[in-house]
Amino acid sequence: MGFKHLFKAKLNWFSSKEEEVSTSKIYSKSHTVIVEGKPILNVSAAKAFKGDPILYNPEDLLLSSIVSCHMMSYLYVCSQNGIEVLSYTDAAEATLEVLDNGCGRFTEVRLYPKVVIRQKEKIAEALRLHQKANELCFIANSCNFPILHEPSCQTG
């Protein structure tokens with residue numbers, strides 16, 4: 001039997017002084033997200049959408065969630081299969097398509113994990129386990145776009 005977890009976040013946004021005097025109501029996109037017991041996360045829109053480019057944006061956070069969840073799922077399946085992972089890096093990319101009417105969605109995410117393992121004889125298995133990790137990944141299972149993997153593996 002499965003179980004459920006409830007995650008909570010609070011969001012705070014306030015109008016700035018510049019907006020109050022502006023005649024063309026363009027609202028600031030900057031806001032804070034608070035998850036109890038954790039540092040406040042300062043968020044904005046992406047620069048392309050008139051946000052503050054030095055802050056995280058929802059697109060950054062979605063891609064970060066995918067790449068992080070995949071890595072944790074991958075480390076789990078490696079441990080289940082006796083593969084000793086020495087390092088794991090990724091340079092993931094997400095493609096966002098925005099239509100003329102302003103509607104948009106992610107069309108795909110590409111992960112490029114570079115894994116270093118201890119056992120040379122397990123390289124092929126370590127590469128195959130990315131698919132199993134994707135099947136287990138909570139975030140990937142919640143997405144409606146493909147998450148593609150182009151992994152590499154070597155020994156160290």
Side-chain angles (χ1 to χ4, degrees), residues 1-12 29-156:
M1 180 175 174
F3 50 90
K4 292 183 181 183
H5 293 279
L6 178 65
F7 293 88
K8 296 181 180 183
K10 294 179 181 178
L11 183 138
N12 290 322
K29 309 294 193 294
S30 298
H31 56 281
T32 59
V33 175
I34 300 131
V35 176
E36 188 174 324
K38 297 180 183 177
I40 292 173
L41 188 58
N42 293 303
V43 182
S44 189
K47 182 180 179 181
F49 306 113
K50 299 180 176 48
D52 186 335
I54 67 167
L55 298 179
Y56 290 105
N57 59 64
E59 296 82 12
D60 291 334
L61 297 173
L62 178 65
L63 179 58
S64 298
S65 295
I66 293 167
V67 72
S68 180
C69 190
H70 180 80
M71 183 215 55
M72 289 186 278
S73 298
Y74 182 76
L75 293 175
Y76 170 76
V77 296
C78 282
S79 71
Q80 296 296 302
N81 287 276
I83 296 174
E84 187 178 348
V85 178
L86 302 176
S87 70
Y88 183 110
T89 60
D90 203 331
E93 300 174 343
T95 303
L96 176 69
E97 181 180 276
V98 180
L99 303 177
D100 292 338
N101 66 2
C103 176
R105 70 180 206 89
F106 282 96
T107 57
E108 74 174 26
V109 164
R110 288 189 177 271
L111 303 180
Y112 299 93
K114 293 182 180 184
V115 180
V116 177
I117 64 172
R118 184 162 313 278
Q119 310 100 312
K120 185 175 185 175
E121 70 279 4
K122 295 213 174 217
I123 287 178
E125 182 180 9
L127 288 168
R128 282 192 304 273
L129 286 176
H130 284 282
Q131 182 58 42
K132 181 65 176 173
N134 190 67
E135 292 168 8
L136 294 177
C137 177
F138 303 150
I139 305 299
N141 283 320
S142 302
C143 294
N144 66 351
F145 49 83
I147 298 174
L148 309 170
H149 308 91
E150 297 184 31
S152 65
C153 185
Q154 63 185 37
T155 57

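Hydrogens, waters and symmetry mates play no part in the numbers below; they use all other heavy atoms, side chains included. What you see is a predicted model, and the numbers here were worked out from it, not measured in a lab.
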Quiz: residues 139-156 side-chain donor-acceptor pairs under 3.5 angstrom, not counting sequence neighbours:
{"residue": "Asn141", "atom": "ND2", "partner": "Glu135", "partner atom": "O", "Å": "3.0"}
{"residue": "Asn141", "atom": "ND2", "partner": "Cys137", "partner atom": "O", "Å": "3.0"}
{"residue": "Ser142", "atom": "OG", "partner": "Phe138", "partner atom": "O", "Å": "2.9"}
{"residue": "His149", "atom": "NE2", "partner": "Asn134", "partner atom": "OD1", "Å": "3.4"}
{"residue": "Glu150", "atom": "OE2", "partner": "Arg110", "partner atom": "NH1", "Å": "2.6"}

Kindly compute the distance separating [atom1] ([X]) from [atom2] ([Y]), expressed to the nearest 0.5 Å.
X: Glu125; Y: Lys132; atom1: CD; atom2: NZ; value: 12.5 Å
X: Phe106; Y: Leu96; atom1: CZ; atom2: CG; value: 5.0 Å
X: Ser30; Y: Leu55; atom1: OG; atom2: CG; value: 5.0 Å
X: Leu136; Y: His70; atom1: CG; atom2: NE2; value: 10.5 Å
X: Ile117; Y: Leu129; atom1: CD1; atom2: CG; value: 9.5 Å
X: Thr95; Y: Arg105; atom1: OG1; atom2: CZ; value: 11.0 Å

Just distance, no hydrogens or angles: give the donor-acceptor pairs under 3.5 Å from side chains in residues 75-88, sequence neighbours left out.
{"residue": "Ser79", "atom": "OG", "partner": "Tyr76", "partner atom": "O", "Å": "2.7"}
{"residue": "Asn81", "atom": "ND2", "partner": "Val77", "partner atom": "O", "Å": "2.7"}
{"residue": "Glu84", "atom": "OE1", "partner": "Arg118", "partner atom": "NE", "Å": "3.0"}
{"residue": "Glu84", "atom": "OE2", "partner": "Arg118", "partner atom": "NE", "Å": "3.2"}
{"residue": "Glu84", "atom": "OE2", "partner": "Arg118", "partner atom": "NH2", "Å": "3.3"}

Fill in the blank from the handout: With sequence neighbours left out, the residues meeting side chain to side chain contact (heavy atoms under 4.5 Å, CB included) with Asp100 are none
Would you indicate whether the side-chain heavy atoms of [Y] and [X] approach each other to under 4.5 Å?
X: Val43; Y: Thr32; answer: no
X: His130; Y: Val115; answer: yes
X: Val98; Y: Phe49; answer: yes

Problem - Whether over 12 other heavy atoms sit under 6.0 Å from Glu121 CD - result: yes
Handout entry: Neighbour count above 12 (heavy atom, 6.0 Å) for Ile54 CD1
Key = no
Please table the atom pairs, donor to acceptor, closer than 3.5 Å between any side-chain atom in residues 1-12 and protein atoms at least two apart or in another chain.
none

Fill in the blank from the handout: Residues passing the salt bridge (charged side-chain N to carboxylate O under 4.0 Å, His left out) test with Glu93, sequence neighbours excluded, are none
Practice task
Scan for side chain to side chain donor-acceptor pair (under 3.5 Å) pairs involving residues 52-67, sequence neighbours excluded, and state none if there are none.
Solution key: Asn57-Asp60
Practice task
Output yes when a side-chain donor or acceptor of Tyr74 lies under 3.5 Å from a complementary backbone atom of Pro113, and no otherwise.
Solution key: no
